Amino acid sequence: MISAGLVNDPFGDPVAYIEFLFRKEALLFDLGDIHLLPPRKILKVNAVFISHTHMDHFIGFDHFLRVCLGREKEVRFFGPPGFCDNLNGKISSYTWNLIENYTNNLDIIATEVHEDRKITCRFRLQNSFRRDLEGESEILDGVLLETDFYAVRGITLDHKIPCLAFALEEKDRVNIKKTGLLEMGLPTGQ
């Protein structure tokens with residue numbers, strides 16, 4: 001089950017928070033001002049989809065990074081062409097000389113979405129967030145991320161710059177109420 005909602009009012013910075021109920025997982029679509037999200041919700045986020053890096057769609061990155069520092073966490077980011085450079089610029093604006101005080105690692109895996117391929121870079125806290133190229137791969141049927149529970153597809157639009165539009169598709173699954181089985185006299189299990 002999915003719970004979805006806007007973080008800000010319709011005239012505020014765009015951010016959609018998608019939470020998967022009964023699992024410690026959430027997604028963000030765009031990353032405007034996220035100060036209204038409590039840290040416990042931010043820490044559930046494992047993937048962020050950025051349509052484009054205009055300020056109102058990306059200003060929340062610094063707050064997101066601040067909340068996640070010191071946590072053992074891997075977060076995937078998806079953005080338009082040039083996104084790895086934009087992300088590198090934000091991360092490089094800080095001084096990372098005290099990272100030895102962090103015992104946990106934070107990995108940011110950033111994927112630039114081009115018309116026909118994805119280019120992926122990794123930024124690791126333990127490496128002072130130095131950008132490392134992970135590789136390049138083909139995009140199949142627009143799928144950017146796929147799990148057992150959902151898939152996120154992306155397509156490029158024109159916003160005087162490349163801009164991504166996303167579709168979240170929940171996969172079919174069956175939920176069985178344990179109390180319903182007991183009422184019918186049926187055992188639980190596989």
Side-chain angles (χ1 to χ4, degrees), residues 4-19 25-71 73-96 99 105-115 117-125 127-134 136 139 142-145 150 152-168:
L6 296 176
V7 172
N8 301 310
D9 66 46
F11 299 103
D13 287 350
V15 183
Y17 183 81
I18 312 300
E19 187 172 12
E25 184 177 4
L27 306 174
L28 285 175
F29 287 89
D30 276 328
L31 197 53
D33 184 3
I34 60 169
H35 282 91
L36 293 177
L37 274 179
R40 67 178 170 72
K41 286 193 169 194
I42 292 171
L43 291 171
K44 284 185 176 182
V45 173
N46 66 326
V48 181
F49 299 86
I50 306 294
S51 62
H52 60 292
T53 54
H54 282 165
M55 183 182 286
D56 59 331
H57 291 258
F58 199 43
I59 198 165
F61 176 78
D62 290 354
H63 184 70
F64 185 89
L65 180 62
R66 179 69 184 102
V67 169
C68 293
L69 279 174
R71 314 286 180 163
K73 189 163 182 59
E74 181 177 280
V75 184
R76 299 188 63 89
F77 279 78
F78 297 84
F83 182 67
C84 286
D85 287 339
N86 294 135
L87 194 57
N88 189 57
K90 280 189 143 310
I91 290 171
S92 296
S93 70
Y94 294 105
T95 304
W96 298 105
I99 61 164
N105 192 48
L106 171 62
D107 273 7
I108 295 172
I109 302 164
T111 300
E112 286 186 8
V113 179
H114 296 260
E115 289 287 335
R117 69 192 195 292
K118 302 183 284 188
I119 300 171
T120 302
C121 298
R122 182 180 296 263
F123 300 85
R124 295 181 56 98
L125 171 67
N127 291 339
S128 300
F129 287 118
R130 182 187 75 241
R131 176 172 42 180
D132 294 318
L133 182 63
E134 289 278 304
E136 194 171 311
I139 296 176
V143 175
L144 304 180
L145 179 64
Y150 64 88
V152 177
R153 296 179 191 277
I155 188 169
T156 303
L157 303 176
D158 182 16
H159 187 44
K160 297 185 180 177
I161 58 169
C163 179
L164 298 174
F166 303 104
L168 171 63

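For clarity, every value in this text was computed on a predicted model and none was experimentally measured.
With rounding to the nearest 0.5 angstrom, the NE2 atom of His57 is 5.5 Å from the NE2 atom of His159. Here the CG atom belonging to Asn86 is positioned 10.0 Å from the CD1 atom belonging to Ile50, to the nearest 0.5 angstrom. For the atom pair His114 NE2 and Leu164 CG, the distance stands at 10.0 Å (nearest 0.5 Å). A distance of 8.0 Å separates SG in Cys84 from CG in Leu133, rounded to the nearest 0.5 Å. To the nearest 0.5 Å, the span separating CZ on Phe49 from CG on Leu145 amounts to 5.0 Å. Taking CD of Glu115 as the start and OG1 of Thr156 as the end, the distance is 4.0 Å to the nearest 0.5 Å.
For the pair Arg122/Arg131, no side-chain contact is recorded, criterion being any heavy-atom separation below 4.5 Å from C-beta on. Residues Val113 and Pro80 fail the side-chain proximity criterion, which asks for heavy atoms closer than 4.5 Å. Side-chain atoms of Ile109 and Val75, non-hydrogen and from C-beta on, never get closer than 4.5 Å to each other. At a threshold of 4.5 Å between non-hydrogen side-chain atoms, the residues Phe129 and Leu106 count as touching. Arg153 places none of its side-chain heavy atoms less than 4.5 Å from the side chain of Ile155. Between Cys68 and Leu43, some side-chain heavy-atom pair lies under the 4.5 Å cut-off. Looking at heavy atoms from C-beta onward, Val48 lies out of side-chain contact with Leu27 at the 4.5 angstrom threshold. With a 4.5 Å cut-off on side-chain heavy atoms, Phe83 and Ile119 do not count as touching.
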*Going through the distances and angles, do Glu112 and Lys118 end up as a side chain to side chain contact (heavy atoms under 4.5 Å, CB included)?*
CA-CA 6 Å; Glu112 286 186 8; Lys118 302 183 284 188; over 6 Å; no
_Test log, rule side chain to side chain contact (heavy atoms under 4.5 Å, CB included), inputs Leu36 and Asn8_ = CA-CA 8 Å; Leu36 293 177; Asn8 301 310; 3.5 Å; yes
*Would you sort out whether Leu125 and Ile108 count as a side chain to side chain contact (heavy atoms under 4.5 Å, CB included), showing the intermediate values?*
CA-CA 8 Å; Leu125 171 67; Ile108 295 172; over 6 Å; no
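The backbone N or O of Cys121 sits nowhere less than 3.5 Å from a side-chain atom of Glu134 that would complete a donor-acceptor pair. Side chain of Lys73 to backbone of Val45: a donor-acceptor contact under 3.5 angstrom is found. Formation of a donor-acceptor pair under 3.5 Å by the Asp33 side chain with backbone atoms of Gly12 is not found in this model. In this structure, Asp30 contributes its side chain and Gly32 its backbone to no donor-acceptor pair below 3.5 Å. With Asn46 contributing its side chain and Glu25 its backbone, the two residues share no donor-acceptor pair below 3.5 Å. Side-chain atoms of Tyr17 do not come within 3.5 Å of backbone N or O of Ile42 as any donor-acceptor pair.
Classified by interplanar angle (parallel below 30°, tilted 30° to 60°, perpendicular above 60°), the ring pair Phe77/Phe64 is perpendicular.
Under 4.0 Å is where a charged nitrogen must lie from a carboxylate oxygen, and between Arg130 and Asp132 at least one such pair does. Arg124 and Glu74 are not joined by a salt bridge, as no carboxylate oxygen comes within less than 4.0 angstrom of a charged side-chain nitrogen. Remark: Lys44 engages Glu19 in a salt bridge, criterion side-chain N to carboxylate O under 4.0 Å.
Between Ala165 and Leu157 the shortest heavy-atom distance is CB-CD1, 3.5 Å. In terms of heavy-atom proximity, Leu144 sits nearest to Phe78 at O-CE2, 3.4 Å. The nearest pair of heavy atoms linking Ala4 to Ile18 is CB-CD1, 3.4 Å. For Val67 against Arg71, the heavy-atom pair with the smallest separation is O-NE, 3.7 Å.
Annotation: Arg117, atom CZ; neighbour count of heavy atoms from other residues, nucleotides and ligands within 6.0 Å is above 12.
For Asp107 and Asn105, the side-chain atoms include at least one donor-acceptor pair closer than 3.5 Å.
Taking the ring axis of Phe58 as reference, the NZ or CZ atom of Lys90 stays within 45° of it and closer than 6.0 Å to the ring centre.
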